[in-house]
Amino acid sequence: MGKKVRRIGVMTSGGDSPGMNAAIRAVVRTCAYYHTECVGYYRGYQGMINGESVNMNARSVRNIINQGGTILQSARSKGFLTEEGRARAAENLKRDGVDAMILIGGDGTFRGGQVFSKEHGFPLIGVPGTIDNDIYGTNYAIGYDTALNTVVEAIDKIRDTASSHNRLFFVEVMGRDAGFIALNSGIGAGAEEILIPEENLGLERLLDSLERSRRAGKTSSIVVVSEGDKIGKNVFELADYVKKNLPNYDARVTVLGHIQRGGRPSCFDRVLASRLSVKAVELLLDGKKDLMVGMLNNEIVSCSLDQALKGKHNINKDLLRISEILST
Ligand code: F6P
């Protein structure tokens, strides 16, 4: 049986995602509910290394459930990759009297946490927050749903101008090495083609399919390209190649970029963040450690951080078939 947890630290790390504030709020308020102290660390691991912390109570998180970004800010800390950096972070946590940590972020955040826990024995629980949705052990990560809605709204607007001008648009979306955003936003926005890293469509098939669309009477088209896709690696070169081979098409490129990470979280992300974070605090108070909370089939569950890092969250390849049928 580990030491009783009386003071919990919380931080957000890696790429921010809409709903992280709802998660912070839920951690802080759950701590308050269970009469447990709560400390926030700024800019993820960097704040732990620099000792930048703030005591938080239920009122510190008023009116943030609806805000994008993260009030604790975020960073991708290089210092935490070093043993020395992690040792400084551990000293600061001890100095602050923190018994356990809640890490809100993606796989990079959890990898750092795993090493930290092995070296310094701090119990920790991961809460998945990344628009990429590439985390094993949960159907959804916080921020993914909002990002999808942002992308679909943007593509709807692009479609307006694409159809006014009879143009082909390549829309690059985020996702790092995973195609979740591209695949689901592509279906949601009715894209003609979706290019994702998990499935290599190949340049020839793309040309064939665009040509078929044109012959079938489509005067404008949208191709959603995941930033990690092999043939779309450089979306501008891809568009040039298509223009050269299909001169009938007037093609343009839009890179949606960081707008996908901002904005007010959807209701889905707020509820998800709330459910996951209440569970994260309860697990720590129950003496559990080194777990990640997730939502599978609408149930809040947990798995070891090890499993979360080793496992692969696969995309649903049937969605590609659906997209092909529906873009006829
Ligand atoms: O992991 C989230 C994410 O937005 C990825 O989709 C993207 O590849 C990356 O972060 C961009 O990172 P940065 O904001 O550091 O440029």
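Atoms within each ligand, like the ligands themselves, are counted from 1 in listed order.
Numbered from 1 in the order shown, with element, the atoms of ligand 1 that lie under 4.0 Å from a heavy atom of Glu227 read 5 (C), 6 (O), 7 (C), 8 (O).
By the criterion of a heavy-atom distance under 4.0 Å, neither the backbone nor the side chain of Gln260 is placed next to ligand 1.
In this structure, Arg76 has a heavy atom closer than 4.0 Å to ligand 1. Put simply, part of Gly175 is less than 4.0 Å from ligand 1, judged by heavy atoms.
Counting only heavy atoms of the protein, atom 2 (C) of ligand 1 lies nearest to Asp132 OD2, 3.3 Å. If you check which protein heavy atom lies closest to atom 9 (C) of ligand 1, you get Arg176 NH2, 3.6 Å. Atom 4 (O) of ligand 1 has Arg261 NH1, 2.8 Å as its closest protein atom, hydrogens excluded (heavy atom only). For atom 16 (O) of ligand 1, the nearest non-hydrogen atom of the protein is His258 NE2, 3.5 Å.
Taking a 6.0 Å sphere around CZ of Arg275, one finds it holds more than 12 heavy atoms contributed by other residues, nucleotides or ligands.
Residue Leu305 is not grouped with residue Ile8 when hydrophobic side chains (ILVMFWY) are merged at heavy-atom distances under 4.5 angstrom, including chains of intermediate members.
The six-membered or imidazole ring of Phe170 lies away from that of Phe236, with a centre-to-centre distance of 6.0 Å or more. For Phe268 and Tyr140, the gap between ring centers is short of 6.0 Å.
Every pair passing salt bridge (Lys or Arg N to Asp or Glu O under 4.0 Å) that includes a residue from residues 49-68 is listed here, sequence neighbours excluded: Arg43-Glu52.
Between Thr70 and Asp16, the side chains place no donor N or O within less than 3.5 Å of an acceptor N or O (distance only, hydrogens not considered).
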